[in-house]
Amino acid sequence: MSFTVTTPIYYVNGAPHLGHAYTTIAADVLARHHRRCGEDVFFLTGTDEHGEPVALAAEKQGMTPQALADQNAERFKALAPQLDASNDFFIRTTDEQHKLGVQQVLQTVKDNGFVELGRYEGWYCPRCADFKSENEVEDGDRCPIHHIVLTRESEENWFFKLSAFQERLEALYAEQPDFVLPVQRRNEALAFIQGGLQDVSLSRGAKLQWGVQVPWDPEHVFYVWFDALLNYYTALAYAKPGEDLTERFWPATFHIVGKDILKFHCVFWPAILMAAGLPVPQHVLVHGYLLMNDEKMSKSLGNVLDPFTIIERFGVDPLRFYLLRDVQFGGDGEVSAEAFEQRYESELANDLGNLASRVSAMVVKYRDGAVPAVGAFDLTEDFDGLADAVAAHLDRGELTQALEAIWVRVRRLNRYVEEQAPWKLAKDEALQEQLDVALATLIEGLRTVMVLLAPYLPATSATLLEALGAPDDSWAAAAFGTGGVTQVAKVAPLFPKHDATPA
RNA sequence: GGCUGGGUAGCUCAGCUGGUUAGAGCGCACGACUCAUAAUCGUGAGGUCGGGGGUUCGAGUCCCCCCCCAGCUACCA
């Protein structure tokens, strides 16, 4: 069974920020989950490097577009390891193989009769040598970059016959109700489709353009969105030297995208694939914006929160945890340094970290570190079905709910400690058997919880499971009662507290 | 304007096909305990479930109207 998950490819006309990190982390959680379930996983991320903004930025800096792309792509490439993201490949749309793949697929689209010549009309800036969309045009019909008055012009373009796919897309949405998740986004995309589809331009005049050449018309390059979308498919042909992974991993299981690019992924993308005779993805999972002071976290606004500061002070796991915990995945959510520290302190340090400390300390104190072998654990009813519930949530793209389900058990374990009060049991000779069960149950609960958290907190999970001498974090090990821990030492604080105030 | 979501305790939010005193987490107050990273556990505050009307034996939970917020209503990536 194969599982393919992608992030959008990040546009190199800017620096990596929290928004990029968010998407990559979400994709990584799914990738890690499925990988440890024993599935054949392919996790793709990369950079989008063509298009006018990159060309213009390069020009401004006196560089070639390729040089600028090379420079910025490195920064995005470095992002993944910093997030502990386990991507299998990093695609760049300037890769020769990608360009060939784009040309090949879109040639097929043309051969299949879904491309035709048309005229694109719009506001044209002679300085940019390109058209501006209605909503980016400044008051007085001026260019947002050069502030000169735009002219109304038209250009001969190759068009993709999107209108021919209205019925097929509607059928797709009917047959695959979970094609777009969550459901609000599906409604939005479907409404767009049902509102009637127009053909869209597939190419742009090549004069000053930076893109993939149209094979049947070298004077044009493909409109950057089609070039970009195709990355999900083209990467498979060359991600692994000497092997074409396309058969193995196409179609994708999840494309994770931000809500700003919903239309491209939920409408244009499946239509292009249909036009090319290729299978469409199983799901497009749409997430919302991270808000800071009620503003969208975006490269177009200056209010970026640097994730690297958090990583430096706390490590990556807390960042991964925080973003998926505090913001309901799919919706918009407020993020702040204060909220981060609050979560870190009360949930990571106090709930989970302290649980590991107190449980391991008790086993050491009352049983010299030997985990009692018992006939049956307590709490089996509390953990019954947990792993399946987590998996079910993840299959629906409900990353926050899955995490919540696990956290309910973390709290349950702390409550169980109070209910059992091992320190009292330890004083009574007659209650030694009960103490054994309590300690064994706590260790097993801790182990289970850490296995389930592995996709979210990979480093911490590995550290603790290693310390417990039960490093197996496979799906089989996620079942409560699997056991395997026989000896423990006092565990060092998993999430040490930081006295200083926020950075 | 139309469409899609949403408006529930100070804060962030759960509440499926309508049914006992409307829930969780955080924060706050008080209490308990001592294994633990001064962590944890318990209790409480008494919220007109956006407003109004209706259906029903009974409605955050269904219907109608209104108010407010967000997004979408096509070619910036």
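To find a chain, count down the sequence lines: A is the first, B the second, and so on, and within it residues start at 1.
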Review point. What do the steps show when you test Y22(A) against F329(A) for ring-ring contact (aromatic ring centres under 6.0 Å, His included), and what is the final call?
Key: CA-CA 10 Å; Y22(A) 184 48; F329(A) 197 78; 5.8 Å; yes

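Closest of all the heavy-atom pairs between V102(A) and L230(A) is CG2-CB, 3.9 Å.
Contact annotation: K424(A) does not reach the phosphate of C35(B) (side-chain N/O to OP1 or OP2, under 4.0 Å). Phosphate proximity of U37(B) to K490(A): present, with a side-chain N or O under 4.0 Å from OP1 or OP2. The side chain of Y10(A) contributes no N or O atom lying less than 4.0 Å from OP1 or OP2 of A77(B). A sub-4.0 Å separation between OP1 or OP2 of A39(B) and a side-chain N or O of N414(A) is absent. Side-chain nitrogen and oxygen atoms of N187(A) include none within less than 4.0 Å of the OP1 or OP2 phosphate oxygen of C72(B). Put simply, Q342(A) has a side-chain N or O that comes within less than 4.0 Å of OP1 or OP2 on G27(B).
The distance from atom CZ of R415(A) to atom C1' of U43(B) is 15 Å, rounded to the nearest whole Å. Here A74(B) presents its C1' atom at 19 Å from CH2 of W269(A), a figure rounded to the nearest Å. Between the P atom of U37(B) and the CD atom of E341(A) lies a distance of 21 Å, rounded to the nearest Å. Remark: P of C33(B) and CD of Q420(A) are 18 Å apart, rounded to the nearest angstrom. Between the CG atom of L262(A) and the P atom of U73(B) there is a distance of 9 Å, given to the nearest Å. One atom, CD of E347(A), and another, P of U37(B), lie 20 Å apart when rounded to the nearest Å. Following rounding to the nearest Å, F192(A) (CZ) and U73(B) (P) show an atom-to-atom distance of 7 Å. What separates CG of N350(A) from P of A39(B) is a distance of 6 Å, to the nearest Å.
Across every strand in view, U17(B) sits unpaired, with no contact that passes the Watson-Crick or G-U test at under 3.5 angstrom. As the counterpart of C49(B), no nucleotide is assigned, since no Watson-Crick or G-U wobble pattern has both distances under 3.5 Å. The partner of C26(B) is G10(B), by the rule that a Watson-Crick or G-U pair needs both atom distances under 3.5 Å.
Spacing between C28(B) and C68(B) at atom P, rounded to whole Å, works out to 36 Å. G18(B) and G53(B) have their P atoms separated by 23 Å, with the value rounded to a whole Å. Between the C1' atoms of G10(B) and G46(B), the separation comes to 14 Å (whole Å). Taking atom P on both nucleotides, C30(B) is separated from C66(B) by 49 Å, rounded to a whole Å. U37(B) and A45(B) have their P atoms separated by 34 Å, with the value rounded to a whole Å. Remark: the separation of the P atoms in C64(B) and G27(B) is 42 Å, to the nearest Å.
E49(A) pairs with exactly one of R92(A), K77(A), K99(A) by the salt bridge (charged side-chain N to carboxylate O under 4.0 Å, His left out) rule, that one being R92(A).
When each of A228(A) and P496(A) is assigned the nucleotide of RNA chain B bearing its nearest heavy atom, the one mapping closer to the 5' terminus is P496(A). Along RNA chain B, the nucleotide nearest to Q184(A) and the one nearest to G196(A) differ in position, and the one closer to the 5' end is contacted by Q184(A).
At distances below 3.5 Å, not a single donor-acceptor pair connects side-chain atoms of H393(A) with backbone N or O atoms of V390(A). The backbone N or O of F159(A) lies less than 3.5 Å from no partner atom in the side chain of S201(A), so there is not a single donor-acceptor pair. Not a single donor-acceptor pair under 3.5 Å links the side chain of T93(A) to the backbone N or O of N231(A).
Counting any heavy atom pair closer than 4.0 Å across all strands shown, D351(A) reaches sugar-phosphate atoms only and no base atom. Among the protein residues, R411(A) comes within range of the sugar-phosphate backbone only, with heavy atoms under 4.0 Å from sugar or phosphate atoms but none that close to a base. At a threshold of 4.0 angstrom between heavy atoms, the contacts of A361(A) are confined to the sugar-phosphate backbone, with no base atom among them. Residue W407(A) is out of contact with every strand shown, counting any heavy-atom pair closer than 4.0 Å. Nucleic acid contact for G353(A): base, since at least one base atom lies under 4.0 Å from a heavy atom of the residue.
A distance below 6.0 Å separates the ring centres of F314(A) and Y344(A).
The base of C75(B) is paired with the side chain of S201(A) by a donor and an acceptor separated by under 3.5 Å.
Glycosidic torsion of G19(B) falls outside 90° of 0, placing the base in anti.
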